[in-house]
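Okay, so here's the structure we're looking at.
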Amino acid sequence: MKIQGLQKVTLLDFPGRVACTVFLAGCNFRCPFCHNASLVTHIDPENDISEEEVLMFLKKRAGVLDGVCITGGEPLISPGLETFMEKIKALGYEIKLDTNGSNVNRLCHLTEAGLVDYVAMDIKNSPEKYGVTIGLDDYDMENVEASAGYLMQGNIPYEFRTTVVREFHKRDDFEAIGRWLAGAEKYYLQAFEDSGDLIRPGLRAYTREIMDQALDIVRRYVPNAELRGI
Ligand code: SF4
């Protein structure tokens, strides 16, 4: 497992929790709009943080923080993740897991082992455009669809979220995503932001007006859908 970031406090990322965020390097997707390219395509061993350092931090913050967000990269490809989560749980923290949904078996296993309290799963685009949107042509969506289906069965609190990028998302895609996620508990549309650490620079966000139109489309299927960070 390669830990390459520790954000010491966040009030926004884990609903109802004062949390910190641990960033794990490595991802099996290559989303051009990825805002953490340094955790995906330009991994620098110089940025490694030891597991002990993170656990020591969590011990000191017990009672101040109550949640840990584990994000990436894609955490579910990290070896040693389960043991790391067990150690975090033993310190009394709740865990939020961010995932691209590409490993349904591991998602189910960690959830059923009681190691995850909340899941945020990316929905990259309509099924038809998934491969191009994650930078992998001919991607087989079986795992992603199974992960979304698993969460929608209500096994654990969750949210779906889509980062909306002008170059990738069109009206028909929001229709298709809406049909796919119909009945989901929580779904957020987030406007793309250029972090300066992208896999493919030069991408653009939509205006607020277009984001509102996209929201109207998905709300026909997911009435609770919201815009976030706009
Ligand atoms: S956006 Fe997420 S899933 Fe896509 S390449 Fe970056 S870390 Fe991986």
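Counting starts at 1 for both ligands and their atoms, following the listed order. All of these numbers come straight from a predicted model, not from anything done at the bench.
For CD of Gln153, the number of neighbouring non-hydrogen atoms (other residues, nucleotides, ligands) closer than 6.0 Å is greater than 12. Under a cut-off of 6.0 angstrom, the local environment of CZ in Arg171 is sparse, with at most 12 non-hydrogen atoms contributed by other residues, nucleotides or ligands.
Checking Cys34 against atom 6 (Fe) of ligand 1, an N/O/S atom falls under the 2.8 Å cut-off. The distance from atom 4 (Fe) of ligand 1 to the nearest N/O/S atom of Cys27 is not under 2.8 Å.
Nearest protein heavy-atom contact of atom 4 (Fe) of ligand 1 is Cys31 SG, 2.3 Å.
Side-chain atoms of Thr111 and Asn155 form no donor-acceptor pair, as typed in the model, at a separation below 3.5 Å.
Taking the six-membered ring where the residue is Trp, Tyr130 and Phe29 present perpendicular rings, their angle passing 60° and hence far from 30°.
For ligand 1, the atoms lying closer than 4.0 Å to a non-hydrogen atom of Asn100 are 3 (S). Each of the atoms 1 (S), 2 (Fe), 3 (S), 4 (Fe) of ligand 1 lies under 4.0 Å from some heavy atom of Lys124. Counting atoms of ligand 1 from 1 in the listed order, those under 4.0 Å from a heavy atom of Gly73 are 7 (S).
For the atom pair CD (Glu94) and CZ (Arg17), the distance works out to 4.0 Å, reported to the nearest 0.5 Å.
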